[in-house]
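The block underneath contains the structure these notes are about, expressed in structure tokens.
In what follows, chains are A, B, ... by sequence order, proteins preceding strands, each numbered from 1. Here the structure is a predicted model, which is why all the values come from computation and not from measurement.
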Amino acid sequence: MLSIYNTLTGKKEPFQSLQPMSVRMYVCGVTVYDYCHIGHARSALVFDVIRRYLEFSGYQVEFAKNFTDVDDKIIKRAHERNVSCDTITTEFIEAYYQDMGKLGIRRATEEPKATEHMVEIIDLVGTLIQKGLAYEVAGDVYFQVEKYQPYGRLSKRKLEDLQAGARVEVDGRKRHPMDFALWKSSKPGEPSWESPWGPGRPGWHIECSAMSMKHLGETFDIHGGGMDLIFPHHENEIAQSCGATGKEFARYWVHNGFVQINQEKMSKSLGNFFTIREIFEKSKWPEAETGEMLRYFLLATHYRGPLDFSDKSIEEAKNALNGFYDLFKRLHEKEESTTADKGLTGVIERCKVAFNEAMDDDFNTPMAIAELQRLKSDVNKLLSQGLSTEAQDTAKKEFRRLGNVLGLLQLDKWQFGNIPAPDIPIRIGRLEGLGGDPGLVQPKFFQPRTALSDEQIEQQIAERLDAKKKKNFPKADEIRKFLASQGIVIEDKPDGTSRWKR
RNA sequence: GGCGCCGUACCCAAGUGGUUAAGGGAGCAGUCUGCAAAACUGCGAUGCAGCGGUUCGACCCCGCUCGGCGCCUCCA
């Protein structure tokens, strides 16, 4: 039985979908005016895994994730570059797909854009005015928070408290300082749409209400996003949606924690963020392997907790993954035997159960990973005792099947072949910068790459094999040492040949 | 000022009101090996920030304190 932590109630609750074996979920995507950083990646990944697990559990999942493509920041960026907003949003939506694709994040079943839902948005604003929950002031429309009695139930804030701490200058035209814009009259040079209140554009929150209702219905199962969206974004969505329909909006509210650098939230003002793009461009590892390391790293912490991004954590993810892929390499290398076949069923069965229990418990991916590790250890033992070809296949398939829920262990090869160094200068970031000058630290995975080509390595290995045959061990060791100095590890197999890895 | 999160071994990180506090990484020792690597075996928190309280019993529940952080403006 799946249970999910619901921000709305502050508790873990048994998950009950509205319709049997079908889940409808909506996740707030990104505002497309810039490249995504790893914080965006975490959020996208968390919900990708939730979706995968729901499907794995037999649910049919309708998954909507929006792109916010009307916004002040987009307008500003367009002006800076002297292009249209459309140019900006198209570019960054494309970049989003590329970046998230490298992390193995699947596309949602619906990916609505605000600009394509003006009719629905205007309708919804109209309804809110009709119901007396919103009012117009000179072409702007505001939601009147005092008219929605339960306002604050998601973020657990009271209107009075919010007022006291308000850091923003109050707009005198609003009836209450917390009233928020549903519709903004447009200024010259801004994109605008015709509406009953004159030309304008939607406020930030309304698009999600309009689009989720259109694609998923007035009430749906799961609504998610980053923790920072709880207030005001999701609070306002609830007010608008419930106000308009009189029905419950989303039933389970799921929020992921932040990625931090040295215990601080990543932010542009601190200069301590890394875009997904630059991590891939400058990683000294190949793309697919880098993607999997990042994925492992991001899932090795529970989605609600904070997560510190550092060199070391990526390196640890790599080492942990090595263990799995090393095992995959060794499968089918050993002489056949059926000695341990009987034991395999048991360990796989136990792993399946434990894996499901972990994921059922509020998507506990760190625990699910721990179960895969345990299976790895078990299979290693059985393999050394002897497994038949069929059993070895079964084991690998099980790793792939469960790993797929997390989007891990799907690569055909785990090989750190040499790749050309980037011609972009390597950026100096703040990673691992504790104590020293934070501006002068360079992440290790951004360091220059090995120069030896695969062919050169193979050649060396062949020479060493030859030396070994002639019992010229000093020479064999010398070659081993040389390759080691280049970051190449040789593993001799029982049959006398060798495999290698970077 | 209000709301909230985090503090578990060298590092990362799960977890439970009561049998041995997962797992990974690193480390050390051993088996294996021409030497290695991998794998396997063993070692490693008498304690889960501190102090009180509830309880037969708390790391887990409650309160306070300390330390770190987030939100209340845009933010995954």
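Toward the 5' end of RNA chain B, the nearer of the two residues K12(A) and G29(A), judged by each one's closest nucleotide, is K12(A). Position along RNA chain B of the nearest nucleotide to K493(A) versus H302(A) favours H302(A) as the more 5'-ward residue.
Side chain D477(A) to base G34(B): a donor-acceptor pair is found below 3.5 Å. A donor N or O paired with an acceptor N or O is not found under 3.5 Å between the base of G24(B) and the side-chain atoms of Q373(A). A donor-acceptor contact under 3.5 Å links the side chain of D492(A) to the base of C35(B). A donor N or O paired with an acceptor N or O is found under 3.5 Å between the base of A36(B) and the side-chain atoms of R480(A). A donor-acceptor contact under 3.5 Å is not formed by the side chain of R157(A) with the base of G1(B).
Across all strands shown, the partner of C40(B) is G30(B), judged by Watson-Crick or G-U wobble contacts whose two distances both fall under 3.5 Å. Across all strands shown, C3(B) forms a Watson-Crick or G-U wobble pair with G70(B), both key distances being under 3.5 Å. The partner of A14(B), taking Watson-Crick or G-U wobble pairs whose two distances both stay under 3.5 Å, does not exist in any strand shown.
If you check A76(B), C69(B), G15(B) against the side chain of Q260(A), the one that comes closest is C69(B). Distances were taken from every side-chain heavy atom of K265(A) (C-beta onward) to each of C11(B), A38(B), C71(B); the shortest belongs to C71(B). Which of A37(B), G25(B), G34(B) sits closest to the side chain of E316(A) comes down to G25(B). Closest to the P366(A) side chain, of the nucleotides G24(B), C71(B), A13(B), is A13(B). In this structure, the nucleotide among A39(B), G2(B), C40(B) sitting nearest to the side chain of S377(A) is C40(B). Here G15(B) is the nucleotide among G15(B), C72(B), A76(B) with the atom lying nearest to any side-chain atom of M367(A).
Using a 4.0 Å heavy-atom distance criterion, R374(A) is classed as a sugar-phosphate-only contact. Within 4.0 Å of N380(A), counting heavy atoms only, lie sugar-phosphate atoms of the nucleic acid but no base atom. Within the nucleic acid shown, G39(A) comes within 4.0 Å of at least one base atom, counting heavy atoms only.
Remark: aromatic rings of Y26(A) and F63(A) are distant, center separation not under 6.0 Å.
Salt bridge annotation for D378(A)-R350(A): present, with a cationic side-chain nitrogen under 4.0 angstrom from a carboxylate oxygen. Using a cutoff of 4.0 Å between basic side-chain nitrogens and carboxylate oxygens, K76(A) and D71(A) are not scored as salt-bridged.
Residues Y5(A) and D361(A) bring no donor and acceptor atom of their side chains to less than 3.5 Å of each other.
In terms of phosphate contacts, K156(A) brings no side-chain nitrogen or oxygen within less than 4.0 Å of OP1 or OP2 of C71(B).
Taking each heavy atom of M211(A) and P112(A) in turn, the nearest pair found is SD-CB, 3.5 Å.
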